[in-house]
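Since the model is a prediction, treat every value here as computed from it, not as a measurement.
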Amino acid sequence: MDTQTIKLNTALITGRVRRAEKLAGRAPGEVTLLAATKTRTPEEIRAVIEAGIDACGENRAQELLEKLPSGAYNGKPLHFIGSFQSNKAHLLYGKTDMIESLNSPKAARILSRIGLEQGGVTNVLAEINIGLEPGKAGILPQAAEAFCADIAAMDAMRIRGLMAIPPAGEDGTPYFAAMKELFDRLAKNLPDCFDTLSMGMSGDFEKAIACGATVVRIGTALFGPRDYGAAK
C-alpha cells in the first residue's frame with residue numbers, strides 16, 4: 001500500500017480510537033495505538049510513525065532484527081507481540097521495550113538470568129488464553145495470578161500487565177470483559193507497574209477499548225491485507 005494511503009488510514013484509526021475513549025469515559029490518549037508491522041517494509045512503518053502511531057509491534061524475531069538496522073521503528077517504543085519461546089530470549093533481549101507474549105516460566109527465568117548478567121530489566125505482559133482454546137499459547141486464566149506473582153518476584157523482570165486474543169470468529173466483548181476483570185483482580189496484589197492491558201485488533205479494537213484496553217494492536221486497518229512475500 002502506498003504511504004499516503006497508510007497515513008490516511010492511520011489518521012482515521014486514530015480518530016476512531018479517540019472516539020472510543022470518549023464513549024468509554026476515558027481520557028484522550030489513554031490508549032496506546034500500536035501498529036502491528038509483521039511483513040511491513042521499513043517505508044510503510046515510517047509512514048505510520050509519521051502519521052502519529054504510538055508504538056510498533058513485531059511478530060517475528062528475525063524480521064525485527066532485520067528491520068532494526070534500517071531505523072524502521074524510528075525510536076518509537078517497540079513491542080514483541082508474536083509467539084515467544086525461550087529460545088528467542090537471547091535474540092530479543094534488549095531489542096524491545098516490551099515483550100507482550102510471555103507465557104512460559106522457563107522463558108521468564110531465562111530473561112531474568114540474562115537481565116542479571118546484562119544489568120537490565122525486561123518489561124513483559126503475561127499472555128492469557130482467555131478462550132480456554134486447546135493448543136493455543138497462553139496461560140490459563142486460573143493460573144494467571146501465580147504466574148504473574150512468580151514473574152514479579154524475579155530479579156530483572158517487570159510484570160506490566162496482560163495480553164490476550166479472543167477466539168477467532170467470535171464476538172470479543174465477553175472475552176475482553178473477562179480480561180478486564182482478571183486484570184483488576186491481579187492488580188490488587190501486584191506492583192504499581194502492573195498497568196497494561198493489551199487486547200483488541202483491527203476488527204474489534206473499539207469493543208476492547210470499551211472494556212478497558214490500554215493497548216490496541218492494529219495491522220490490517222492501517223496497512224491493508226498482508227503480503228506475506230514482502231518480508232521473510
> Out of Lys95, Arg40, His79, Lys67, which one pairs with Glu58 under the side chain to side chain donor-acceptor pair (under 3.5 Å) rule?
Lys67
> One thing to verify: whether Lys38 and Glu63 come together as a salt bridge, which I'm taking to mean a side-chain N less than 4.0 angstrom from a carboxylate O.
no
> Would you say that Arg185 contacts Glu181 through its side chain, given a criterion of any heavy-atom pair below 4.5 Å between the two side chains?
no
> For Phe205 and Ile13: C-alpha separation, side-chain torsions, deciding distance, then whether side chain to side chain contact (heavy atoms under 4.5 Å, CB included) applies.
CA-CA 10 Å; Phe205 68 89; Ile13 294 299; 4.2 Å; yes
> Is there a side chain to side chain contact (heavy atoms under 4.5 Å, CB included) between Ile139 and Ile128? Walk through the geometry before answering.
CA-CA 5 Å; Ile139 302 298; Ile128 306 299; 4.2 Å; yes
> Where the side chain of Arg217 meets the backbone of Ser198, is there a donor-acceptor pair that is under 3.5 Å apart?
yes
> Would you indicate whether the side-chain heavy atoms of Thr32 and Thr196 approach each other to under 4.5 Å?
no
> Return yes if some donor-acceptor pair links the side-chain N/O of Asp2 with the main-chain N/O of Thr5 below 3.5 Å, else return no.
yes
> Are Phe84 and Val124 packed together at the side-chain level, in the sense that at least one heavy-atom pair is separated by less than 4.5 angstrom?
no
> Please check if the number of heavy atoms outside Lys106 that lie under 6.0 Å from its NZ is greater than 12.
no
> May I ask you to test the Ile110-His90 pair for a side-chain heavy-atom distance under 4.5 Å?
yes
> With side chain to side chain contact (heavy atoms under 4.5 Å, CB included) as the criterion, how do Met157 and Leu102 come out once you've worked through the C-alpha distance, each side chain's angles and the decisive distance to 0.1 Å?
CA-CA 11 Å; Met157 295 287 282; Leu102 187 66; 4.0 Å; yes
> Do Ser104 and Gln85 make a side-chain contact, defined as non-hydrogen atoms from C-beta onward lying under 4.5 Å apart?
no
> As a test of understanding, state which of Arg160, Met199, Arg26 forms a side-chain contact (heavy atoms from CB on, under 4.5 Å) with Thr214.
Arg26
> Quick check: do Arg60 and Thr39 have side-chain heavy atoms less than 4.5 Å from each other?
yes
> Do Phe223 and Asn9 pass the side chain to side chain contact (heavy atoms under 4.5 Å, CB included) test, and can you show the C-alpha distance, the side-chain angles, and the key distance before you say yes or no?
CA-CA 8 Å; Phe223 300 105; Asn9 289 345; over 6 Å; no
> Between Lys76 (side chain only) and Ile53 (backbone N and O only), is there a donor and an acceptor less than 3.5 Å apart?
yes
> Side-chain contact test, heavy atoms from C-beta onward, threshold under 4.5 Å: evaluate it for Cys148 versus Leu162 and give yes or no.
yes
> Has the side chain of Lys88 got a donor or acceptor atom that lies under 3.5 Å from a matching backbone atom of Ser83?
yes
> Indicate yes or no: does Asp184 engage Lys180 in a salt bridge with an N to O separation below 4.0 Å.
yes
> Test your reading of the model: is there a side-chain donor-acceptor pair from Ser112 to the backbone of Ala108, 3.5 Å cut-off?
no
> Is there a side-chain contact between Ser202 and Leu222, using heavy atoms and a 4.5 Å cut-off?
no
> For Pro77, which of Asp97, Leu34, Thr96, Asn123 qualifies under side-chain contact (heavy atoms from CB on, under 4.5 Å)?
Asp97
